[in-house]
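Just so it is clear: chains get the letters A, B, ... in the order the sequence lines come, proteins before strands, and each one is counted from 1.
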Amino acid sequence: MTAPDVRLGALREKYATEIDAILARYPEDQRRSAVMPLLYLAQHQYGYLSPAALQEVATILGLSSTQVGSLVGFYTLYHDRPAGQVRMQICTDLPCALRGAEAFAQSVCQNLGIRLGETTADGLITVEEVTCLAGCDRAPMFQVQDSTGIHYRESQTVESAMAWTEEVRRTYGRS
Amino acid sequence: MAAAEHILLRHRDIPDFDRLDTYLAHGGFEALKTTVTSKSPPDVIEIVKASGLRGRGGAGFPTGVKWSFLTPDVFPRYVVVNADESEPGTFKDREIMEHNPFQLLEGVALCAFAARASTAYIYCRGEFWDLAAALGAHIAELRGRGFLGRKLFGTDFSLEIFVHLGAGAYICGEETALLESLEGKLGQPRLRPPFPAAKGLYGQPTVVNNVETLANLPPILARGADWYRSIGTKDSPGTKVFSLSGNVARPGNYELPLGTPFRTLIFDHGGGVPGGRKIKAILPAGASAPILVATEEVLDTPMDYESLPKVGSMLGSASIIVIDDSVDIFWVALKTTRFFKHESCGKCTPCREGTYWMLHLLERLHDGTPADAGQVDLLQAVARGIEGKCLCPLGEFSIMPVTSGIERFRADFAAHEASGQ
């Protein structure tokens, strides 16, 4: 892993085409609408939304970094501090809980030797509880948030979830 | 009772229905072409009004009537698709978008034609990342094949559709919060009026409709309002995708005529309650409606917009969560309150502070520190203090499992008061 590039402007240089395509979706006088897609872009580039990353997004859109920063606290899929390479976000809301999601989450954490909200010692996986993901009929389930986006894993058992964590370790070369 | 014809979940009957060629081979986009080339926008609004279609996002407001509120002669106008499906227990829009995407997109185009809008945004919850990418590819394909873009079917009607991803906020399912979010702001509800039909996205007249609502449009325009009214009940025409979850043998989506009784859904389709347990309670609209005691009368109640209020609840988004007799309703209220406290947007005081105090009291009862007598009554009083005072429905929803739980399952709450656990 190379250190994240937090030079101001790196985002604009690297993703010029993507940024233009995002801006083109909204009226020219409504560029602020592009702030959420740009925050995703920045988060995937840097791993989390540092003050420098917020400033960069703000500069592209002509907003203040406070305007941009307030969104990070409001929306749960944006993160203002680093965590594991991969966030394993388990739904423990009512429908999933009725199908054993709370016990599932506890067992997964026990097997990983961490508590909910913590990151594994190798810095790879952060396990978090989240609210309903619209996967209630396939509980227990979790979503994986990483640098490629967000992906669902449904109809899980503790065994299948642990097999997935092994897969993550292999992918990131730390088995 | 035999399963009805699938109108919305057609992919369950036809393989590869998420491929454009398959959709076209089964009459896809014929309704749009016929409508755009031979009908006027007011014609379409009248047909949708006549069909009796009601909004499937939860409120059940007549769709054609909602469209007719658009401020005349103000342009540009926008269509915004509410695909922020986040109500606990609701996973119907996701199935439509994943497996029957072209029917939704044709519905969006029909709505845009009726509203005389040339830009539509699909606001997808951020968690639907992969789904949104697929939807974006389908839109590009439609553009390439001449079903989207400029001057469609040789007429003056032009349309572009864009997918916009949210980032994890239940409140953005509320339509004015969704518009704020789409404008790049915090997803907090606006004071209404003005409603979005007058001042919506960027201050322009805007139609906001749910995914399932829009997916109903191609069959309605293809087969007519009378056909549509032949399904369902007089006040709730059509089918509904019921999301069934919780303590049930076969959870999943079931498309059934509105007016189908709970018993048919839960026992005939869902296979009943597993493990030899009995059904104790039903949450008919996710976390956002009063909890029903699963009496014989309730089980025989038709699931439609007019019947649920008569037994003391609401149809909402029709996400039916089944609770068996091993479950403590106090715990259910704890779970839903934790959800609402987490999801409160913080804009209005009754919801922001009220959900905090409801959760605080519930946790105190749960932990037994200290378990004074009268805690349940205090909880009920806090809930009543929130009622009717919130800026948007979310705050009102937050109290429903608590107040109905205490009224209808008092013993479950009293047990915690007595034992302090």
What one should report as the nearest heavy-atom pair of A/Tyr75 and B/Leu186 is OH-C, 3.7 Å
Please determine, among B/Ser326, B/Ala133, B/Gly166, B/Ser86, the option with the most heavy-atom pairs under 4.5 Å with chain A.
B/Gly166
Greatest number of heavy atom pairs closer than 4.5 Å to chain A - which of B/Glu127, B/Gln188, B/Arg250:
B/Glu127
When every non-hydrogen atom of A/Cys136 is compared with those of B/Thr90, the smallest separation belongs to SG-N, 4.1 Å
Looking at B/Arg94, B/Arg338, B/Lys92, which one has more heavy-atom pairs under 4.5 Å with chain A than the rest?
B/Arg94
Step-by-step side-chain contact (heavy atoms from CB on, under 4.5 Å) determination, A/Ile150 to B/Asp130:
CA-CA 7 Å; A/Ile150 299 164; B/Asp130 291 326; over 6 Å; no
With chain B, the option among A/Ile22, A/Thr148, A/Val35, A/Leu94 that has the most non-hydrogen atom pairs under 4.5 Å is A/Leu94
A/Leu77 and B/Trp129, any side-chain heavy atoms less than 4.5 Å apart
no
Per-residue contact mode, B/Cys172 against chain A (heavy atom under 4.5 angstrom)
side chain
From the list B/Gly286, B/Gly187, B/Ser245, the residue making the most non-hydrogen contacts under 4.5 Å with chain A is B/Gly187
Can you say whether B/Tyr170 sits under 4.5 Å from chain A via the side chain, the backbone, both, or neither, judging by heavy atoms?
neither
Side-chain donor/acceptor of A/Arg99 to backbone N/O of B/Asn247, under 3.5 Å
no
Answer with side chain, backbone, both or neither: which region of B/Leu283 has an atom nearer than 4.5 Å to a non-hydrogen atom of chain A?
side chain
B/Ile321 portion near chain A, given a 4.5 angstrom heavy-atom threshold:
side chain
Please give me the minimum heavy-atom distance between B/Phe128 and A/Leu133, naming the atom from each residue.
CE2-O, 4.1 Å
Any salt bridge linking A/Glu102 with B/Lys335? Criterion: basic side-chain nitrogen under 4.0 Å from a carboxylate oxygen.
yes
Determine whether A/Asp93 and B/Phe339 satisfy the following criterion, side-chain contact (heavy atoms from CB on, under 4.5 Å), listing intermediate values before the conclusion.
CA-CA 7 Å; A/Asp93 232 333; B/Phe339 173 82; 3.1 Å; yes
Side chain, backbone, both or neither of B/Ile323 within contact of chain A (heavy atoms, under 4.5 Å):
side chain
Below 4.5 Å from any heavy atom of chain A, which atoms of B/Thr336 appear? Answer side chain, backbone, both or neither.
side chain
Side chain proximity check, B/Phe91 to A/Pro95, heavy atoms < 4.5 angstrom:
no
Apply side-chain contact (heavy atoms from CB on, under 4.5 Å) to A/Phe74 and B/Ile171, showing your working.
CA-CA 11 Å; A/Phe74 188 86; B/Ile171 186 60; 3.9 Å; yes
Heavy atoms from other residues, nucleotides or ligands near NZ of B/Lys199 exceed 12 (cutoff 6.0 Å)
no
What are the two closest non-hydrogen atoms of A/Tyr40 and B/Gly126, and how far apart are they?
OH-CA, 3.6 Å
If you tally heavy-atom pairs under 4.5 Å between each of A/His44, A/Gln89, A/Arg138 and chain B, the highest tally belongs to A/His44
Please check if atom CZ in B/Arg143 has more than 12 non-hydrogen atoms from other residues, nucleotides or ligands closer than 6.0 Å.
no
Heavy-atom proximity to chain A below 4.5 Å, by part of B/Ser243
neither
Given heavy-atom pairs under 4.5 angstrom as the criterion, report whether the side chain, backbone, both or neither of B/Glu95 touches chain A.
neither
B/His164 and A/Pro37 have their tightest heavy-atom pair at CE1-CD, 4.1 Å
Is there a donor-acceptor contact under 3.5 Å from the side chain of A/Arg32 to the main chain of B/Lys185?
no
From A/Met36 CE over to B/Leu182 CG, what is the distance, rounded to the nearest 0.5 angstrom?
9.0 Å
Taking every non-hydrogen pair under 4.5 Å, which of B/Glu160, B/Arg125, B/Glu85, B/His342 racks up the most with chain A?
B/Arg125
Option from B/Tyr78, B/Tyr202, B/Tyr121 for which ring-ring contact (aromatic ring centres under 6.0 Å, His included) with A/Tyr26 holds:
B/Tyr121
Using a heavy-atom cutoff of under 4.5 Å, enumerate the residues of residues 151-160 of chain A that contact chain B, numbered in order, or state 'none'.
A/His151, A/Tyr152, A/Glu154
